[in-house]
Amino acid sequence: MRTTFLPFSTPTLEDAEINEVVDSLKSGWITTGPKVKRFEDAFRAYVGAPYAVPLSSATAGLHLTLLALGIKEGDEIITTPMTFASTVSMIILCGGTPVLADIEPGTLNIDVAKVREKITPATRAVIPVHFAGQSCDMDPLFALAKEHGLTVIEDAAHAAGTEYKGKRIGSLDSISIFSFHPNKNITTGEGGMVCTADETLAEEISLLKFHGMSREAWKRFAASGTPNYDILLPGFKYNMMDIQAAIGIHQLPRLDGFIDRRKEIAEYYNRELADVAELALPTYAPYQQRHAWHLYTPLVKVEKLTINRDSFMDELKKLNIGSGLHYKAIHHHSYYREALGIADSDLPNASYASERILSLPLFPKMTDEDAADVVAAVKQVITDNAR
Ligand SMILES: Cc1ncc(COP(=O)(O)O)c(C=O)c1O
């Protein structure tokens, strides 16, 4: 057994990030300023989006996008139950009604056929989540959205570097929202970015992110600026800081390398765990795409074991292997169980995955030995607890 604890994820930060943060601190521009602009431009160019709005988090991005689209009481937004709470919470906090459509069993991405079944005259938008960094099947989803006049908002929190049929997520004909939380494929500490081709929407989100102010602080306080400003609408305080962007500036050029390493480890897990009957491994979607391997999420077939998924994670921890839970399905959380009243039989695939899923360690700094330790620990827990 390994003697040190292997976390489920940890960011890959080097001297370049540290020096850039120090530069920001020494420069006096610690909040929204030139480094945010540099990161925004670099990220927009990387994904191929006409407009990008840097924010304090992806949650802020979801919130402002829904507000800018005018989502209000009575509007229904279809999304997946296999997501982080904020995808659904932001719909509710805008006064909308989340409607959950079931997932595909292998990729755990939203099932477009199930989305179709959930459309009503009140449906305004669909929020697919590119689960674990694997693109949803966007062509049929766009066709469906067009047929019914719906807006597609991609929750791309897992999908920096993901591609769908040769196109980067962020450059499709929709709105994409990325997260730079420390576990994500690149980080800014906390942070998010909304990418879109819609100039008016990008402007509206930019206004909403900073008090509805006509000009941002760095434009007012820079030598060439004027301190006067006007409030055009009531807004939030969701701007990204230069200290955050300083990290992102040096993460972004390494993103492709990070994904290559993540893929190597994921494919090693796929090979080494392929014959383990007690696991259902994640599968590749049949269409051409680039999986960014944000997460590696096998399902533990608990019916073949004497322990449940939570105990499985505890047993891994005893062997010094960390794991994550992405996700307990939305309708299994207390609030949503009450608020949405969804039965497991309404979402059978998500309900099945919710009780069995776990995230194994996956991050670029992991060594081959770390990955071998994970495989050995998973097999040991299965052998020790077989039915
Ligand atoms: C699918 C999904 N959506 C949204 C978010 C929210 O991102 P953030 O933490 O940047 O607000 C996350 C973060 O974990 C996520 O995984």
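Note that ligands are numbered from 1 as they come in the structure, with each ligand's atoms numbered from 1 the same way. What you see is a predicted model; the values in this text were computed from it and never measured. Below, all heavy atoms of this structure are taken into account, side chains as well, without hydrogens, waters or symmetry copies.
The pair D314-K318 does not meet the salt-bridge criterion, since no charged nitrogen lies less than 4.0 angstrom from a carboxylate oxygen. Taking 4.0 Å as the cut-off between side-chain N and carboxylate O, E278 and R356 do not count as a salt-bridged pair. A salt bridge links D75 with K72: the closest approach of a Lys/Arg side-chain nitrogen to an acidic carboxylate oxygen falls below 4.0 angstrom. The existence of a salt bridge linking R261 and D368 is confirmed by a sub-4.0 Å separation between a basic side-chain nitrogen and an acidic carboxylate oxygen. At a threshold of 4.0 Å, the pair E267-R271 does not count as salt-bridged, since none of the basic side-chain nitrogens sits closer than that to a carboxylate oxygen.
Residue contacts with ligand 1: S86 is placed with no nitrogen or oxygen under 3.5 Å of a nitrogen or oxygen of the ligand (distance criterion only). Considering backbone and side-chain N/O atoms, T59 comes within less than 3.5 Å of an N/O atom of ligand 1. Considering backbone and side-chain N/O atoms, A58 comes within less than 3.5 Å of an N/O atom of ligand 1. Geometrically, ligand 1 and H181 share no nitrogen or oxygen pair separated by less than 3.5 Å. Residue contacts with ligand 1: S179 is placed with a nitrogen or oxygen under 3.5 Å of a nitrogen or oxygen of the ligand (distance criterion only).
Residues Y352 and D102 have side chains that never bring a donor and an acceptor to within less than 3.5 angstrom of each other.
Within ligand 1, counting atoms from 1 as listed, the ones closer than 4.0 Å to a heavy atom of T83 are 1 (C). Atoms of ligand 1 lying under 4.0 Å from any heavy atom of V129, numbered from 1 in the order shown and given with element: 1 (C). Short contacts between ligand 1 and G191, defined as distances under 4.0 Å to a heavy atom of the residue, involve ligand atoms 10 (O). Ligand-side atoms of ligand 1 in range of S57: 10 (O), 11 (O), range being under 4.0 angstrom from any heavy atom. Each of the following atoms of ligand 1 lies closer than 4.0 Å to a heavy atom of T87: 3 (N).
Contact check for F258 versus N185: no side-chain heavy atoms found under the 4.5 Å cut-off.
Ligand 1 lies out of reach of G61, whose nearest heavy atom is not under 4.0 Å from it.
In this structure, the protein non-hydrogen atom closest to atom 3 (N) of ligand 1 is D155 OD2, 2.7 Å. For atom 16 (O) of ligand 1, the closest non-hydrogen atom of the protein is Y327 OH, 2.6 Å. Among all non-hydrogen protein atoms, the one lying nearest atom 14 (O) of ligand 1 is K184 NZ, 2.8 Å.
Between H158 and Y327, the ring-plane angle classifies as parallel under the 30° and 60° cut-offs. The aromatic rings of F43 and F39 sit tilted relative to each other, their planes meeting at an angle between 30° and 60°.
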